[in-house]
Number of protein chains: 2
Amino acid sequence: MRVVTTARTPTRERRSRRAEILDAAAELFAARGFHGVSIEDIGGAVGTSGPALYRHFSGKEALLAEMLLDISERLHASAAERVTAAPDAESALDALLAGQIEFALSHPALITVHDRELGNVPEPARRRIRRLQRLYVEEWVTVLSELHPGCPPPRLRAATHAVFGLLNSTPHSAGELPPEAMTPLLHAMARAALAEARR
Amino acid sequence: MRVVTTARTPTRERRSRRAEILDAAAELFAARGFHGVSIEDIGGAVGTSGPALYRHFSGKEALLAEMLLDISERLHASAAERVTAAPDAESALDALLAGQIEFALSHPALITVHDRELGNVPEPARRRIRRLQRLYVEEWVTVLSELHPGCPPPRLRAATHAVFGLLNSTPHSAGELPPEAMTPLLHAMARAALAEARR
DNA sequence: CGGTGATGTTAGTCATCGTTAACGCCACCG
DNA sequence: CGGTGGCGTTAACGATGACTAACATCACCG
């Protein structure tokens, strides 16, 4: 059979195709959930159709795994850097807050997928992601322990998760405020909330 | 034949089958997402198998719609009651906080589904749910406006959403703290965070 | 008693989905 | 040039899922 396909020039390689697919998939997963998005949807979102995706990922779950792994690594690495660069616990906390807020405001889809879709990641990768998430939380808890000595770690962990919820609420209030106003507001609210954990 | 929608409960079981199905479905939706749960899964969770569900709901989407509608109505009704019963804005805010915290702690699955699955509700019901959610938020914004006069409503709305994120983080920190400790912690953190919205 | 309606059951149907197969371009490299 | 490999295509396949059909049970009530 004769296939008169569109003769496109694949020489254009402005950005890695993998990254392009990951971005599109993140947007779709955030909007409709992992199982609500088909391979065809993802392919369509990057201009190719369907199974072209398998040239870049071994499957749908592997795609998700790589996405979550990348997010967890970026968050944890950024936190570790910021904490070691800070002169004291006070500024370390501010740096952690600034990092999380910046990430949440600039990548709302990634944040959304990050705390919704862990359950769909197959087992080998799931553990690695969990580990990174735990390390990230412990980064916060360590700083807070220094700030609130004598406060039991479980309480600090609960407070940390609560603050994550506060900061990650960004996707739900999209458009309410411009980022220049949202950033200091979230920072102030989170800081005040964490001060209450002291008991 | 006339369709009589006022269903007289046959009282075969101690609890309505509908409610039993809704509870099981909420748990499953929260854990795996709407599209990650099959009709067979839901049936299996209540001891029946598969299509028995259609004796109680017209379909999977209708089930979700009823679930979200019920949640939104309960939240909004509770908020309206509490606000009108409160003597002043200060205690109204405390009552709103207490209500949301109690709901989030006792029904984590419902809270999870409530802010994740709106996109899967078909259109006639979606608008009603959105409207109730908006009314609920406005209940908070009205109280906060009285507490922080001169503060622009968009800022108060953003702060309210952020506090919802904080309070609804409960499902993510399950087991960190017992409810007796979690309740006052969340209340204090939320109150401190909202005080910062004053600018 | 016989009928009726509420509530189950199992066996399909039809659409969709993830994945694989088989093939076509085309850039690059010996 | 000719092959090789990266990257895309369409066509199929097998599994699964939502939903329907046809039938069973059984309490209840005239």
Side-chain angles (χ1 to χ4, degrees), chain A residues 1-25 28-29 31-67 117 119-123 125, chain B residues 1-22 24-25 28-29 31-67 117 119-122 125:
Chain A
M1 68 190 63
R2 186 88 76 78
V3 184
V4 191
T5 44
T6 63
R8 82 166 46 74
T9 59
T11 54
R12 296 291 295 277
E13 195 178 342
R14 50 184 183 280
R15 208 152 111 276
S16 158
R17 209 65 203 259
R18 284 177 71 86
E20 204 176 344
I21 292 174
L22 283 168
D23 283 1
L28 290 170
F29 289 165
R32 312 211 288 268
F34 181 72
H35 294 291
V37 176
S38 73
I39 292 292
E40 205 79 29
D41 291 335
I42 301 173
V46 297
T48 84
S49 209
L53 194 143
Y54 288 85
R55 299 294 171 190
H56 305 274
F57 299 92
S58 69
K60 200 185 169 191
E61 289 186 333
L63 193 161
L64 179 68
E66 176 157 335
M67 188 165 122
E117 308 290 5
N120 294 117
V121 175
E123 220 355 303
Chain B
M1 174 183 302
R2 217 130 59 81
V3 180
V4 183
T5 48
T6 58
R8 273 175 295 117
T9 56
T11 64
R12 289 170 41 88
E13 306 285 334
R14 47 184 173 279
R15 210 155 110 275
S16 159
R17 208 68 204 258
R18 284 178 71 88
E20 204 177 344
I21 293 173
L22 283 167
L28 290 169
F29 289 165
R32 311 211 290 268
F34 180 72
H35 294 290
V37 176
S38 72
I39 290 294
E40 204 78 28
D41 291 335
I42 301 173
V46 297
T48 82
S49 208
L53 194 143
Y54 289 88
R55 299 294 172 190
H56 305 274
F57 299 93
S58 70
K60 202 184 166 191
E61 289 186 332
L63 193 161
L64 179 69
E66 176 158 332
M67 189 167 121
E117 308 291 5
N120 294 118
V121 175

Whole angstrom value for the distance that separates [atom2] of [N] from [atom1] of [X]:
X: Y54(B); N: dA21(D); atom1: OH; atom2: P; value: 12 Å
X: F57(A); N: dC7(D); atom1: CZ; atom2: P; value: 12 Å
X: R18(B); N: dT7(C); atom1: CZ; atom2: C1'; value: 14 Å
X: L53(A); N: dT9(D); atom1: CG; atom2: C1'; value: 14 Å
X: K60(A); N: dT16(C); atom1: NZ; atom2: P; value: 15 Å
X: E20(A); N: dC7(D); atom1: CD; atom2: P; value: 13 Å
X: I42(B); N: dT16(D); atom1: CD1; atom2: P; value: 18 Å
X: E61(B); N: dA18(D); atom1: CD; atom2: P; value: 11 Å

**Report entry** Interatomic distance, H56(B) atom NE2 to L22(B) atom CG [nearest 0.5 angstrom]
**Finding:**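 Rounded to the nearest 0.5 Å, the NE2-CG separation comes to 10.5 Å.
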
**Report entry** Separation of D23(A) CG from L28(A) CG (nearest 0.5 Å)
**Finding:**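 Result: 11.0 Å between the selected atoms.
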
Requested in this report: Please state whether the base of dG8(C) and the side chain of R55(B) form at least one donor-acceptor pair under 3.5 Å?
Outcome: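 Indeed, a donor on one side and an acceptor on the other fall under 3.5 Å apart.
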
Report task. Would you mind classifying the nucleic acid contact of V37(A) as base, sugar-phosphate or nothing, using non-hydrogen atoms under 4.0 angstrom? Result ->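 The residue V37(A) makes sugar-phosphate contact but no base contact.
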
Query raised in the report: Within the structure shown, what part of the strands sits under 4.0 Å from G50(A) by heavy-atom distance: base, sugar-phosphate, or nothing?
Result: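 Nothing, no heavy atom under 4.0 Å.
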
Requested in this report: Compare all side-chain heavy atoms of I42(A) with those of F29(A) and state whether any distance is below 4.5 angstrom.
Outcome: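 Answer yes - side chains close enough.
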
Requested in this report: Could you name each residue pair satisfying side-chain hydrogen bond (donor to acceptor under 3.5 Å, both in side chains) that touches residues 34-50 of chain B, not counting sequence neighbours?
Outcome: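 Listed once each, the pairs are R32(B)-D41(B), H35(B)-N120(B), S38(B)-D41(B), E40(B)-S49(B).
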
Name the closest nucleotide to the [X] side chain, picking from [options].
X: P51(A); options: dT10(C), dG8(D), dT20(C); value: dT20(C)
X: I39(B); options: dC7(D), dT9(C), dA18(D); value: dA18(D)
X: T48(B); options: dG8(D), dT10(D), dG8(C); value: dG8(C)

Requested in this report: Output yes when at least one side-chain N/O atom of H35(A) is less than 4.0 Å from OP1 or OP2 of dT16(D), else no.
Outcome: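 No, no such contact exists.
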
Requested in this report: Please name all residues satisfying side-chain hydrogen bond (donor to acceptor under 3.5 Å, both in side chains) with E66(B), sequence neighbours left out, ordered by chain then number.
Outcome: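 Listed in chain order: R18(B).
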
